[in-house]
Visitor: 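Here it is: the structure, laid out below.
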Amino acid sequence: MARYNARVAEPKWQKVWDKAGLFKAERDDSRAKYYVLEMFPYPSGRIHIGHTRNYTMGDVVARYKLACGFNVLHPMGFDAFGMPAENAALEKGVHPGTWTYQNIADMKAQLRPLGYTHDWSRSFATCDPEYYGQQQALFIDMLAAGLIYRKNAMVNWDPVDMTVLANEQVIDGKGWRSGAVVERRELTQWFFRISDYSEELLAAIDGLKDWPEKVRIMQANWIGKSRGLQFSFAVKDAPKGFEALEVYTTRPDTLMGASFAAISPDHPLAKELERSNPALAAFNAECRRVGTSEEALETAEKRGFDTGLKVIHPLDPNWELPVWVANFVLMDYGTGAIFGVPAHDQRDFDFVHFMAQKNGASLEIIPVFEPPAGEWGQDTAYTPMKSEKVRYSRNTATGRFQTNFGWDELSTGDEAVAAAITYCEANGIGKGVTKYRLRDWGISRQRYWGCPIPVVHCPDCGVVPESKASLPIRLPDDVTFDRPGNPLDHHPTWAATTCPNCGKPARRETDTMDTFVDSSWYFARFTAPRAKTPTDMAEASYWMNVDQYIGGVEHAILHLLYSRFFARAMMKTGHLPVSAIEPFNALFTQGMVTHEIYTSFRPIGGESPEQRARSLRRQVYHLPEEVEGLLPGSQARTFLKADVDKVMALHPQLDREGARDVLARQHPDNIDFPPVYVTPTAKMSKSKKNVVDPDDIIEQYGADTARWFVMSDSPPERDVEWTASGADGAWKHLQRVWRIVEEVLETPQTGEDADLTRATHRAIADVTAGIEGFAFNKAVAKLYEFTNTLARAKGDRRAAMRIMAQLMQPMTPHLAEEIWAAMGGEGLVSAAKWPVADPAMLMDSSIILPIQINGKRRSEISVPVEIDNKSVEELVLADPTVQRILAGQVPKKLIVVPGRIVNVVI
Ligand code: ANZ
Ligand code: ZN
């Protein structure tokens, strides 16, 4: 028999599975279902080895659950709208649709050889009109349900590309593609009312027991619930209509430390004042040039403009605070106005510093609480500066700083905040409010390659939703990308339509939806991917929830939060059952597949030895296949293959090992043969040349090796480092298993090996526990161990080999089928019922009892588990070591602690 040939076996079994329709999911109300889902990929064109790990985990779960008798749904699709397709259109002149569908075809072709159980009959891409048409239907229903609205909002505007940018697309205040300085602009945008669900989305996190704790924390932080006080300052000599300045604070306990009030450059008061103050207008314009993200504002230098206005401190009518316009105050948080407490807030402190340096302003720094450590400058921003006036006195009894309002006796924290709110409310100063950081979700994008927002603008009726009968509102194919801006705006005819309401000419909305919308409900669509409505309630009720969701932690915030919101919105609009309110029962975030990076310093510049010796060097990256001599932890012995070849050419008597020895003895600065430096465990990236291509691995070793490798070594939540030797080891192991099969086939199989039977049941129990507990590496480790047992075992090994095939099946399904067939298994191992361990067989039949003599461990005996004390005593006295030490004496005492230890006293 030949060595196991994955290249022949793998496609063969894939065809067999296909033919048997094993993985096609069909609703069957009489059977329990299991829905396992991996986050669907963006069709960039290549499957990455990281995808392979992600999908293999899902596949292991799917195969295991299938074997356990569940009706398994394991779908796969593509998250196919987005900017890269438009960039490709710009760069390569290919239509975004053509580019995207070609990539999808390429990725499907890459996925197939991996032997996954995905039910491709349910597949779709979000750019399929069939899908986005249903998304438009959802939009219309959500609009009717009051979950969507339009409002003016500040956006990041790229003046060159003439488009709105997401915060992530603004880098150092510039457009990520155009490099143009990004401006803040006010545009009318579409919003989803996710903030209506802030409390509900937060409270429900508690119920997500099978989600990683870190993801739950990230979600909670993103929603960002805070309790604070909202109140108004009276403005002295205020412009008409601005007599009250409303502020929001989470630290009303620091009110006695207020030294200024500040408003956002976008605050109505700032806008009012700039009409008569050109210097302020210029300042505001300057501020608006920075992007809108919190981060952009946090990191920008603090700047301010003194408006000259004063407000009255609410606790002291004789106390006036100046009103500044400050660049770090956001318009869309709280009220867009604050009071600053530089003694207890870093931003306020920085602001006061900057204003002192730049404007010569002297704003007071007034501590209210002593920092817990008792040292200024350690826990607060406060470091006393000579010139500062300080308005406080120390309460000698408590050591705290003195104010007169009753809450200063409490230490700073929730208690003090609550006391301050109570005090203020009782004294008619504002009211306590709960606020959330979570903003409504702006979904308007001025892009072509996205789902068109299905509304029209009618001169008579205003904004009117499309009628559902005219869905999908398709993207036009004939668009050009030669002008900046939204191609839909430039299309000669596309936007011209008639009003669904009055029939008169109207204009289509040309904004398309944020691509996060597409991925917020695809999991529900998989339950009825061809339905003529967004979902089919019978199918959704049967298949939802996703029992196990698997994906990258980079989606831990937005994607999951939006999906949770969508589940609620779909419930409200009748597209999901109430039971699917939290759509993902269990979430698993997998680690990356990493790879070493190889670099060396190569000379640039002159050619003569002198020139070269003097010339500059630069770091270059090398592909894994370009280097050799990879010994763990010995980068001094890693070289370029080409250099080893050169040395061998110079010294024909050397073999490769010898040539590497020569290279190893070179000075590390040697300019001709520089050593290769190895950076361990790094994220794969094309520019660092440390990417492994799943195609190459399948070509070289087969899919099972790749699958086995990515499941082994590291716990699935941690990174796993891809190494050539590791892959080789995985391959060798699978070959070894096959050799045992050959041996079994070639030798007569008779008799029973009781140890093997026991070991088999242990293996069943441990592998099952490993898979159930998402500890695939432990399941793999157990299978290594079981292989060793099988190699040594005597008697008839066929039954144990069949179990081996079953236990390997989730990880290495092709080889498992081959073993199963060779060992006389019935049908397909992929369809075989998961084995169950006999609990009786898991009990250890014997135990080791240590023997202590006068407190020292001297010997041990192996005894049956159910042995009685009398028999133990006899065995102890018969033990040769004990007899030697006793030397004929009778022990004073002999105490048996059953199952634990024997103590002998002499
Ligand atoms: C006085 C104060 C004293 C504050 C102190 C903080 C510390 P969180 O907790 O994140 O919700 N703030 C309020 N609205 C703002 C806006 N639109 N732009 C920038 N900052 C704003 O933040 C609430 C705190 O952030 C508020 O409490 C306010 O400053 C500031 F020692 O008021 B605080
Ligand atoms: Zn109309």
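Numbering of residues begins at 1 and proceeds along the displayed sequence. Hydrogens, waters and symmetry mates play no part in the numbers below; they use all other heavy atoms, side chains included. Counting convention: from 1, in listed order, for ligands and their atoms alike.
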Visitor: Considering only heavy atoms of Val329, which atoms of ligand 1 have at least one such atom less than 4.0 Å away?
Guide: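 Atoms satisfying the 4.0 Å criterion: 16 (C), 17 (N), 18 (N), 19 (C).
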Visitor: If you have a sec, work out which protein heavy atom is nearest atom 2 (C) of ligand 1 and how many Å separate them, to one decimal?
Guide: Arg251 CB, 3.7 Å
Visitor: What are the atoms of ligand 1, with element, lying closer than 4.0 Å to any heavy atom of Ser226?
Guide: 11 (O)
Visitor: Assign the ring pair Phe260 / Phe351 to parallel, tilted or perpendicular, where the plane angle (0 to 90°) is split at 30° and 60°.
Guide: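 Aromatic pair Phe260/Phe351 classed tilted.
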Visitor: Need the ligand 1 atom indices (1-based, order shown) with element for anything under 4.0 Å from a heavy-atom of Val341.
Guide: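 Per the distance check, 3 (C).
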Visitor: Can you report which non-hydrogen protein atom sits closest to atom 15 (C) of ligand 1, along with the distance?
Guide: Ile338 CG2, 3.5 Å
Visitor: Please list the nearest protein heavy atom to atom 30 (C) of ligand 1 with its residue and the distance rounded to 0.1 Å.
Guide: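 Answer, as residue, atom name and distance: Arg347 NH2, 3.6 Å.
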Visitor: So, Arg474 and Glu466, do they make that salt bridge, N to O below 4.0 Å?
Guide: no
Visitor: Does Arg150 make a cation-pi contact with Trp190, if we ask for NZ or CZ under 6.0 Å from the ring centre and within 45° of the axis?
Guide: yes
Visitor: State plainly whether the residues Asp489 and Arg507 are in salt-bridge range, i.e. N to O under 4.0 Å.
Guide: yes
Visitor: Indicate, as side chain, backbone, both or neither, the part of Thr249 found under 4.0 angstrom from ligand 1 when only non-hydrogen atoms are considered.
Guide: both
Visitor: Taking the inter-plane angle between the rings of Phe231 and Phe339 on a 0 to 90° scale, is it parallel (under 30°), tilted (30 to 60°) or perpendicular (over 60°)?
Guide: tilted
Visitor: Which residue owns the protein heavy atom closest to atom 8 (P) of ligand 1, what's the atom, and how far is it?
Guide: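 Among all protein heavy atoms, the one nearest atom 8 (P) of ligand 1 is Tyr333 OH, 3.6 Å.
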Visitor: Using a 4.0 Å cutoff against the non-hydrogen atoms of Thr254, which atoms of ligand 1 qualify?
Guide: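 Close to Thr254: 2 (C), 3 (C), 31 (F).
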Visitor: Output yes when Arg568 and Glu582 qualify as a salt bridge under the 4.0 Å nitrogen-oxygen rule, no when they do not.
Guide: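 Here Arg568 pairs with Glu582 in a salt bridge, since their nearest N and O are under 4.0 Å apart.
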Visitor: Measure from NZ or CZ of Arg184 to the centre of the six-membered ring of Trp157 and say whether it is under 6.0 Å with the direction within 45° of the ring axis.
Guide: no
Visitor: Going by heavy-atom distance to atom 17 (N) of ligand 1, choose the closest among Leu255, Val247, Leu330.
Guide: Leu330
Visitor: If the Zn ion (ligand 2) is the vertex, what is the angle to SG of Cys502 and SG of Cys458, rounded to 10 degrees?
Guide: 110°
Visitor: What is the closest protein heavy atom to atom 27 (O) of ligand 1, and at what distance does it sit?
Guide: Thr250 N, 3.0 Å
Visitor: Could you tell me the residue and atom name of the protein heavy atom closest to atom 7 (C) of ligand 1, and the distance to it rounded to 0.1 Å?
Guide: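 In this structure, atom 7 (C) of ligand 1 has Asp345 OD2, 3.3 Å as its nearest protein heavy atom.
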Visitor: Would Gly334 count as a polar contact of ligand 1, with the cut-off being nitrogen or oxygen pairs under 3.5 Å?
Guide: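 Checking ligand 1 against Gly334, no N or O pair falls under 3.5 Å apart.
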Visitor: What is the closest protein heavy atom to atom 19 (C) of ligand 1, and at what distance does it sit?
Guide: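 Minimum-distance protein heavy atom for atom 19 (C) of ligand 1 reads Phe328 O, 3.4 Å.
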Visitor: Centres of the Phe192 and Tyr149 rings: under 6.0 Å?
Guide: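 Not close enough - the centres of the two rings lie 6.0 Å or further apart.
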Visitor: When the ring centroid of Tyr562 is compared with that of Trp441, is the distance short of 6.0 Å?
Guide: yes
Visitor: If you measure from the Lys or Arg side-chain nitrogens to the Asp or Glu carboxylate oxygens, is any gap between Glu200 and Lys572 under 4.0 Å?
Guide: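 No, this pair does not count.
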Visitor: Look at atom 31 (F) of ligand 1 and find which of His344, Arg227, Gln230 reaches it with the closest heavy atom.
Guide: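 Nearest option to atom 31 (F) of ligand 1, by heavy atoms: His344.
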Visitor: Which residue holds the protein heavy atom closest to atom 28 (C) of ligand 1, what is that atom called, and what is the gap in Å?
Guide: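 Atom 28 (C) of ligand 1 sits closest to the protein heavy atom Tyr248 O, 3.8 Å.
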Visitor: Just to the nearest 10 degrees, tell me the angle at the Zn ion (ligand 2) spanned by Cys499 SG and Cys461 SG.
Guide: 110°
Visitor: Answer yes or no: is there an ion pair linking Glu272 with Lys240, defined by an N-O contact shorter than 4.0 Å?
Guide: no
